[in-house]
Amino acid sequence: MKRTHTCGELRKANVDQTVTLAGWVQNRRDHGSLMFIDLRDRYGLTQIVFDLDNPDVLELGQHVRSEWVLQITGKVIARPDDMVNPKMVTGEIEVTVQSFKIFSRSAPIPFETDAYAKVGEETRMKYRYLDLRRPQMQRNLQVRHAVCHAIREVMDGEGFMEIETPILGRSTPEGARDYLVPSRVHQGKYYALPQSPQIFKQILMVGGCDRYYQIARCFRDEDLRADRQPEFTQFDVEMSFADPDDIFAVIERCMVAAFKDGIGVTVNPPFERMPYSVSMDKYGCDKPDLRFGLELHDLCKLVKEVEFKVFTAVLESGGIVKGMAVPGGAEFSRKDMDNLTELVKIYGAKGLAWIKVQNGEYSGAPVKFFKPEQLNAVRDELGAKDGDMMMFVADKKKIVNASLAALRNEMGSRLNLYKDGEFRFVWITDFPLFEWNEEENRWDAAHHPFTSINEEDMEIFMTAEKTAGSRIGEVRSSSYDLVLNGVELASGSVRIHDAEVQKRVFELLNISPEQAKDRFGFFIDALSYGTPPHAGIAPGIDRLVAMMLGFENIREVIAFPKTAKAIDLMTEAPGDVDSKQLRDLGIQNVTPKR
RNA sequence: GCGGUGGUGGCGCAAUUGGUUAGCGUACCAGACUGUCGAUCUGGUGGUCGCGGGUUCGAGUCCCGUCCACCGCGCCA
């Protein structure tokens, strides 16, 4: 080895030892006939001293610059008491250099790598290798590693096998847009990169693998968000002969280990469970942040008689009115309210109605349409107290829920209703099996077409019409999401193992037997040869680690992420290819290059 | 596809109603300095204000277009 110790390792106990360190020059403090260098590696910083005891070495050392890579041999000495640096773990010692070697020099760096440097994202991404040297990024990757390691340990202990599934697969028409890979051998045909190993993991169950997991890369060619990258990592799990409770228990054990090993935080299973319908009613979404209350309330009945056109028109056309009470909201200014109105408009709401409760009186534009007892009834339903603001949205159900859910999250954050470092898990269960697709005028699978049906709804499932507004929408699936602080961390379900049920699902989805055979023929064949009941789930590793570290952006926990336009600023992928490569593949560009 | 925010020395930012030679911090370069640790002090280099067009006596600033980054909506079974 080119070193005897790392730069984060030496302590008082090492005093008088002769050591060799290797690392980057973090910093140089030159006092003329005395010079200090902070030498950095993954593990930390160690102060190296150059002085007149070794004038030739000092002279050479003074030519050294930031980010050069050095090998330093010297003696560990204890710092005098008044020179101990309590901010450094190695601050009790320093190494007096006896000799050093320059492994490599560095061009002047585009930005500093110390913990204080403020650098924009674009610059960080272009020079990601420099960004990765920063202690924060080192920690992010370290925590990510610890999480994956903890998961593997738990899963191994539970008898799961980690099995790899293909990256080059077959496109299936449902779901996200596929990334396609042209086949050279079969020109005109394409592989698709997996959106998830869904079908393969189910086939592993048919193949008797019983307990499978994989920390798997997934690809979706859709537009990006702070928490969505075109390639991302799922902790993919499938279990035979398992019920949802078994899945929950395994995942909870993984979460406990991941939080413990990742960031030293104790989380306490079992996690709360909440049916989808309750979550939608109370929080307006299927991923509620339960760190704070601010529950939504349906006011349709209470405001039915109120002569407020905004409400009556909506109710007559089949919409709903919901509201919430914001503690202390009476203090909001007109500007605040305009601001919040803009927020709900993003989700399609036409406006935000509000009534202040202050000094025992009500104020706000809609007040005049209410009778006093109606106001009191609404106040009691919302639980509004003096000094609160009651906020209402009236519109189609979907819009009301989406806008109030966003408003609720905004209020939670703006009013500091939760603390950093608080982790509130909840299992959301009993999602609907189908959802109505307005544009296509048909029922779509809410999760995916292999999700099994809640036994209690089997009768409706088998008998209802597949028309708009039929009871099919009421059928609950046996599926579940794991939600943490308002973020969807995982999604899973019990799978269909009964051919008749599967047929019926396809029928309701308007997938003919021929189409089904064409799209998933191999899969349906597989299921026909003796399929164990099985269930699975897939937590997102990027989101999990980001949340543990307090980031909203998963790029912080991915070594080489892509921009919002799916570009890698470092490698400049995607890039051009030789025309020969295209010829080999039988491909021609039909859109002109810009 | 749509909406919002931003783009000014290497990096992070400022520049009032459109007005003189575009500033500040840091990095970098040179010099000084024996106890610093985000060293200090002195001096210095460095800018096509993202790009293109327009308005104007005059544009970093206003207008139009365009590109890039970020956030969100749509999209993401």
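Naming convention: chains lettered A, B, ... in sequence-line order (proteins, then strands); numbering from 1 in each chain. Since we're looking at a predicted model, the values are computed, not measured.
- Taking only distance into account, the side chain of R228(A) meets the base of C76(B) through a donor-acceptor pair shorter than 3.5 Å.
- No donor-acceptor pair closer than 3.5 Å links the side chain of S413(A) to the backbone N or O of N409(A).
- At a cut-off of 3.5 angstrom, the base of G35(B) holds at least one donor-acceptor pair with the side chain of E94(A).
- Taking a pair as Watson-Crick or G-U with both hydrogen-bonding distances under 3.5 Å, the stems of three or more pairs touching RNA chain B are B:1-7 with B:67-73, B:10-13 with B:23-26, B:28-32 with B:40-44, B:50-54 with B:62-66.
- With rounding to whole Å, L39(A) atom CG is found 21 Å from U36(B) atom P.
- No engagement by M125(A) is indicated, since no non-hydrogen atom pair under 4.0 Å with the nucleic acid exists.
- Scanning both residues, G492(A) and D481(A), for their nearest heavy atoms gives N-OD1, 4.3 Å.
- In terms of phosphate contacts, Y116(A) brings no side-chain nitrogen or oxygen within less than 4.0 Å of OP1 or OP2 of U26(B).
- Rounded to a whole angstrom, the distance from the C1' atom of G52(B) to that of A59(B) is 15 Å.
- One can place NZ of K565(A) at 5 Å from P of C68(B), the figure rounded to the nearest angstrom.
- S196(A) comes within 4.0 angstrom of a nucleotide base, judged by non-hydrogen atoms across all strands.
- The base of U36(B) sits with one of its N or O atoms less than 3.5 Å from a complementary donor or acceptor on the side chain of Q47(A).
- For the OP1/OP2 pair of C73(B) and a distance below 4.0 Å, the side-chain nitrogens and oxygens of R225(A) include at least one atom meeting the criterion.
- Residue D223(A) places a side-chain atom within donor-acceptor reach of the base of G74(B), judged by atom type and a 3.5 Å distance cut-off alone.
- For Q62(A), the side chain to side chain donor-acceptor pair (under 3.5 Å) partners are D30(A), not counting sequence neighbours.
- Contact check, R124(A) against A69(B): no side-chain N or O comes under 4.0 Å of OP1 or OP2.
- Ion pair K287(A)/E488(A) not flagged as a salt bridge, since none of the NZ, NE, NH1 or NH2 atoms sits closer than 4.0 Å to an Asp/Glu carboxylate oxygen.
- U36(B) has F36(A) stacked on its base ring, the centres lying under 5.5 angstrom apart and the planes within 30 degrees of parallel.
- If you take CG of N437(A) and P of G74(B), they are 14 Å apart, rounded to a whole angstrom.
- Spacing of C1' atoms, A69(B) relative to G50(B), comes out at 11 Å, to the nearest Å.
- The distance from atom OG of S478(A) to atom CG of D457(A), rounded to the nearest 0.5 Å, is 10.5 Å.
- When the side-chain nitrogen and oxygen atoms of T563(A) are compared with OP1 and OP2 of C68(B), none of them lie within a distance under 4.0 Å.
- Contact check, N85(A) against G35(B): no side-chain N or O comes under 4.0 Å of OP1 or OP2.
- Between C28(B) and S66(A), a contact under 4.0 Å exists linking OP1 or OP2 to a side-chain N or O.
- In this model, the phosphate group of A69(B) is not approached by any side-chain N or O of K126(A) to a distance below 4.0 Å at OP1 or OP2.
- Judged by distance alone, with hydrogens and angles left aside, R555(A) brings no side-chain donor or acceptor close enough to the base of C70(B) to form a pair under 3.5 Å.
- The shortest side-chain heavy-atom distance between P561(A) and R128(A) falls under the 4.5 Å cut-off.
- Listed pair K118(A) / C13(B) fails the phosphate criterion, with no side-chain N or O lying under 4.0 Å from OP1 or OP2.
- Counting to the nearest Å, the C1' atom of C76(B) and the CD1 atom of I554(A) are 12 Å from each other.
- In summary, the aromatic rings of W68(A) and W24(A) are positioned with their centroids too far apart to meet the 6.0 Å limit.
- Here the P atom of nucleotide C76(B) and the CG atom of D178(A) are 13 Å apart, to the nearest Å.
- A side-chain donor-acceptor contact under 3.5 Å links W443(A) to the backbone of T467(A).
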